[in-house]
There are 2 protein chains.
Amino acid sequence: MSRTEPRADGSPVPAYHHGDLREALVRTGIEILEERGLAALTLREVARRAGVSHAAPYHHFADKDALLSAIAARGVWMQNTRMARAMEEAPPPHDGLQAYGIAYAEFASEHPSLFRLMYSHERDSSSMDPRMVEASAAAFQSFLRGIQDRLGCSEAHAHSVSLTLWSSVHGLAMLWLDGQLRWEGVPPLRDLATEVTNLLGALLTSPQKRS
Amino acid sequence: MSRTEPRADGSPVPAYHHGDLREALVRTGIEILEERGLAALTLREVARRAGVSHAAPYHHFADKDALLSAIAARGVWMQNTRMARAMEEAPPPHDGLQAYGIAYAEFASEHPSLFRLMYSHERDSSSMDPRMVEASAAAFQSFLRGIQDRLGCSEAHAHSVSLTLWSSVHGLAMLWLDGQLRWEGVPPLRDLATEVTNLLGALLTSPQKRS
DNA sequence: ACCTGAACACCGTTCAAGT
DNA sequence: ACCTGAACACCGTTCAAGT
């Protein structure tokens, strides 16, 4: 069957220029993840949707794990750009740091499977696009700097604080996604993130000890 | 082949009394998880190690997912008892709440695959052992009460605080397990948990606003 | 009531062969 | 250089048949 015919279900074959199969596979993988979750993300299904044989991906990725890594890296990129924008757009009365945390949680709730894949997949920076490693490091640096500016504290303390903030929002997102938060009618993740970052923000900015 | 002969590699067949295959499968599953991780935890491998045919588990579990749920529930039980003990044993100068958080993190670092399975698997309390549901609820209640006692705050505020504390330690454990914390030589999870709970404890107990 | 063995559909991976 | 098709080992699941 030719690659330009529509598929059996009538949906169009994803358009990709010849020689861009690698990119098409990453995109198709994300598509499957969003539509049907991690369990449906098989190498053969990705190949099927991309309109190539099930062996074709091996010309672009060493194995399934390598494709998953590439998808995870793309997700990190997406989340980073989203958070950076949120931080810039945060109106002056609004705290940029809180906007950052809320954007983090929003991404998680909008892309649950991708988010889980991103953070449950060991990323060895050696196999990552250097531009991405740099972008991630820069994002973290600006996060650290933001904390130090607001608190006027030592770098060591800012480090502790950043770890605590990141852990809180990350843990909250994970617990929420995994359905572990089931006391009452569970509020949307965004609201919980607002609550938690509010609490932490209030605690941190009130004048007191900072070792 | 008889079930009482040693296996090919010479290791003994796990002892379980006839009629206790269900329990043997759960135990064997945890064994595989600890030794070789989630990817190695297949239904067929569990059956193999337990010395039964690959179809036998279906007489005790509806499908693989049901076995995973049972294993996850066992893990929750293990973690709960461990944390309860840690809280009791905490010496008076030591804060019981902090001991709780540290025990949580310690369990995660000692049983990484089991921990991940526990929290990445939606638990529907309907299919869980009622004793376990009750035990979990009781553990959370005592956690909540501990917060309210120490802070002398409203129940609503204690709820916010408990969510924040839980999220922090959970997120920290997850990020650590997934190798996302790679600035310097990463400290043991226990040390990071001490650092984060120290910070949060100090912030919470200093006299200030509690809405 | 509990377990087995064969069978089916599916998956990841490899490789000789095609263009 | 890139892709295909057949092949292999493995898995989850089902089911008739055994005790």
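Letters A, B, ... mirror the listed sequences (proteins, then strands); counts begin at 1. Quantities reported herein were computed from a predicted structural model and do not represent experimental measurements.
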We want to know whether A:T164 and B:S168 form a side-chain donor-acceptor pair, criterion being a heavy-atom distance below 3.5 angstrom.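 Judged by distance alone, the side chains do not pair up.
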
B:R74/B:E23 ion pair, N-O < 4.0 Å: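 Between B:E23 and B:R74 there is a salt bridge, with a charged N closer than 4.0 Å to a carboxylate O.
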
Please tabulate, one pair per line, each protein N/O and nucleotide N/O from nucleotides 5-12 of chain D that are separated by under 3.5 Å, including the distance.
{"from": "D:dA6", "atom 1": "N6", "to": "A:H54", "atom 2": "NE2", "distance (Å)": "3.1"}
{"from": "D:dC11", "atom 1": "OP2", "to": "B:R48", "atom 2": "NH2", "distance (Å)": "2.8"}
{"from": "D:dG12", "atom 1": "OP1", "to": "B:L43", "atom 2": "N", "distance (Å)": "3.1"}
{"from": "D:dG12", "atom 1": "OP1", "to": "B:K64", "atom 2": "NZ", "distance (Å)": "3.2"}
{"from": "D:dG12", "atom 1": "OP2", "to": "B:L43", "atom 2": "N", "distance (Å)": "3.1"}
{"from": "D:dG12", "atom 1": "OP2", "to": "B:R44", "atom 2": "N", "distance (Å)": "3.2"}
{"from": "D:dG12", "atom 1": "N7", "to": "B:R44", "atom 2": "NH1", "distance (Å)": "2.5"}
{"from": "D:dG12", "atom 1": "O6", "to": "B:R44", "atom 2": "NH1", "distance (Å)": "2.9"}

Between A:W176 and A:P188, is there a donor-acceptor pair closer than 3.5 Å when you use the side chain of the first and the backbone of the second?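 Flag not set: sc A:W176 to bb A:P188 has no pair under 3.5 Å.
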
Donor-acceptor contact below 3.5 Å, side chain B:R150 vs main chain B:G146: yes

Let me know the distance between [atom1] of [X] and [atom2] of [N], rounded to the nearest Å.
X     : N      : atom1 : atom2 : result
B:H60 : C:dA1  : NE2   : P     : 13 Å
B:H59 : D:dT14 : NE2   : C1'   : 11 Å
A:D20 : D:dC3  : CG    : P     : 11 Å
A:L67 : C:dT13 : CG    : C1'   : 14 Å

Can you establish whether the number of heavy atoms outside B:E134 located under 6.0 Å from its atom CD is more than 12? no

Is the number of heavy atoms from other residues, nucleotides or ligands within 6.0 Å of CD (A:E35) greater than 12?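 Atom CD in A:E35 is crowded, with more than 12 foreign heavy atoms closer than 6.0 Å.
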
Would you say the ring centroid of B:Y104 lies under 6.0 angstrom from that of B:F115?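 Distance test on ring centres: under 6.0 Å, yes.
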
Parsed dot-bracket for DNA chain C after applying the Watson-Crick and G-U rules with both distances under 3.5 Å and | for other-strand partners is ||.|||||...|||||.||

Contacts table for residues 82-90 of chain A: side-chain donor-acceptor under 3.5 angstrom, sequence neighbours left out:
{"from": "A:R82", "atom 1": "NH2", "to": "A:E110", "atom 2": "OE1", "distance (Å)": "2.6"}
{"from": "A:R82", "atom 1": "NH2", "to": "A:E110", "atom 2": "OE2", "distance (Å)": "3.0"}

